[in-house]
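Scope of the values below: all heavy atoms of this structure, side chains included, with no hydrogens, waters or symmetry mates. In what follows, chains are A, B, ... by sequence order, proteins preceding strands, each numbered from 1.
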Number of protein chains: 2
Amino acid sequence: MSRLVAQASGILRQCGGRMTTQRRLILGTLDEMGGHPTAEQIYRIVRAQDPSINPSTVYRTLGWLAEAGLVDARHLAPGRSSGRREQFDPSFPAEHHHFVCTGCGKVVEFASPHIERAKQEFSHTQGVTVERASLTLYGLCAACEIAKE
Amino acid sequence: MSRLVAQASGILRQCGGRMTTQRRLILGTLDEMGGHPTAEQIYRIVRAQDPSINPSTVYRTLGWLAEAGLVDARHLAPGRSSGRREQFDPSFPAEHHHFVCTGCGKVVEFASPHIERAKQEFSHTQGVTVERASLTLYGLCAACEIAKE
DNA sequence: TTTTCTGCAAATTCTTTGCATCTGT
DNA sequence: ACAGATGCAAAGAATTTGCAGAAAA
């Protein structure tokens, strides 16, 4: 059983929800495919295994997964007009951030202690509670940097 | 003449574009209203001054403003389903980041030297070029923190 | 057996586009 | 005059919703 299926089962048990075939399929796919798929990409893959599945089910599943905090919804694609599709990012194993290459669209995940400091500093100086942070860096990856010239 | 109108005029002159009444109105509104309005909020305000203006014009104007780098399109609203509308953030005077209160939706802008460091570290260790960064912190503002109890 | 979920289709929401007309330059 | 912008209405993409039937607990 995949990690997400296990986590989700626990949550469902606590709130009286049900682990259905469709949910298991979507969760397993999310876990396996990795990266930051859009709802449509997820749908395409699960449909290959169960052609009767419906996009609404994918959206609904992603909806409560995001509410439960098991995945984060992000807009990684840079610029306008490409940032309209949400991308889903399993929030595991820990808070992480993203570098997006504006040339080829490649996404690299990373962790940074600087962000932890930025959170602390901001919460101290402003007297607020910071729960989570999302940093996205935009730039050119090595390959695109070379290709540019 | 507002700052944005001035900046935009310069850009338009360079690329053979035209400063129209509608653009002046939209730019002035963006400058005056501040914050991080959605296209619809902008439209509502400009329509009050010129009822003949059309939403497409607002979208088109925001489109090239974003391309020109005079405004940034962001998804500040936290969670799913609220993050669907783009918000437009005049990119002035310098790169800045956002704290979003998940209780009341209030947005606070701030600058942080830590982010500069995170950018540098990432670009050095990965051999990429980082052009810009966007950090959003989510949490509870002081008032919402109190209200929670 | 009782909720909860799913599939379906229709509806919404946000945004873009085609085209005739109008307007800066 | 002429390239470029606008308004309008219609199209489009992504996502949500209402509801009757299906399926977990």
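- Rounded to a whole Å, the CD1 atom of A:I53 is 14 Å from the P atom of D:dA23.
- Among residues at least two apart or in separate chains, salt bridge (Lys or Arg N to Asp or Glu O under 4.0 Å) pairs with a member in residues 38-66 of chain A are A:E40-A:R44, A:E40-A:R85.
- For the OP1/OP2 pair of C:dG7 and a distance below 4.0 Å, the side-chain nitrogens and oxygens of A:T57 include at least one atom meeting the criterion.
- Between the CD atom of A:Q41 and the P atom of D:dT15 there is a distance of 11 Å, rounded to whole Å.
- For the side-chain hydrogen bond (donor to acceptor under 3.5 Å, both in side chains) test, no residue two or more places apart in sequence or in another chain qualifies with B:S91.
- B:H114 and A:E121 share a donor-acceptor pair across their side chains, judged by distance under 3.5 Å alone.
- Summarising the geometry, the separation between CH2 on A:W64 and P on D:dT17 is reported as 18 Å, rounded to the nearest angstrom.
- Near DNA chain D, meaning a heavy atom under 4.0 Å away, the residues from residues 14-39 of chain B are B:G16, B:G17, B:R18, B:T20, B:Q22, B:R23.
- Minimum atom distance to the side chain of A:R60 is reached by D:dC19, of the listed D:dC19, D:dG7, D:dT16.
- Protein atom CZ of A:R85 is 14 Å distant from nucleotide atom C1' of C:dT15, rounded to whole Å.
- Helix bend of the helix from C:dT1-D:dA25 to C:dT25-D:dA1: the angle between its two end axes, each built from five pairs, comes to 40° after rounding to 10°.
- Side-chain contacts under 4.5 Å among hydrophobic residues (ILVMFWY), followed directly or transitively, place A:F99 together with A:V108, A:F110, A:I115, A:F122, A:V128, A:V130, A:L135, A:L137, B:F99, B:V108, B:F110, B:I115, B:F122, B:V128, B:V130, B:L135, B:L137.
- Per the geometry, CG belonging to A:D50 stands 11 Å off P belonging to C:dT6, to the nearest Å.
- With a 4.5 Å cut-off between side-chain heavy atoms of Ile, Leu, Val, Met, Phe, Trp and Tyr, the cluster of A:I146 takes in none.
- For B:H96 (side chain) and B:A94 (main-chain N/O), a donor-acceptor pair under 3.5 Å exists by modelled atom type.
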Can you give the donor-acceptor pairs under 3.5 Å from side chains of residues 12-25 of chain B to other protein atoms, not counting sequence neighbours?
| residue | atom | partner | partner atom | Å |
| --- | --- | --- | --- | --- |
| B:T20 | OG1 | B:R23 | N | 3.2 |
| B:R23 | NH1 | B:R18 | O | 3.0 |

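- Atom P of nucleotide D:dG18 and atom CG of A:N54 are separated by 16 Å, given to the nearest angstrom.
- Put simply, CZ on A:R13 is 13 Å from C1' on D:dA24, counting in whole angstrom units.
- The side chain to side chain contact (heavy atoms under 4.5 Å, CB included) check on A:R3 picks up A:Q7, A:D31, A:P90, A:F92, with sequence neighbours excluded.
- Taking the side chain to side chain contact (heavy atoms under 4.5 Å, CB included) definition, one finds that A:T102 meets it with A:P78, A:Y138, A:L140, B:E131, sequence neighbours left out.
- Applying the salt bridge (Lys or Arg N to Asp or Glu O under 4.0 Å) test to every pair with at least one member in residues 95-107 of chain B, sequence neighbours left out, gives these pairs: B:E95-B:K119.
- Applying a 4.0 Å cut-off to non-hydrogen atoms, none of the residues of residues 42-49 of chain B approaches DNA chain C.
- Between B:H75 atom NE2 and D:dA14 atom P the separation is 13 Å, expressed in whole Å.
- Contacts of B:L76 classified as side chain to side chain contact (heavy atoms under 4.5 Å, CB included), with partners at least two apart in sequence or in another chain: B:H36, B:R74, B:Q87, B:H98, B:V100, B:V107, B:T136.
- The shortest distance between the side-chain N/O atoms of B:Y59 and the OP1/OP2 oxygens of C:dT16 is not below 4.0 Å.
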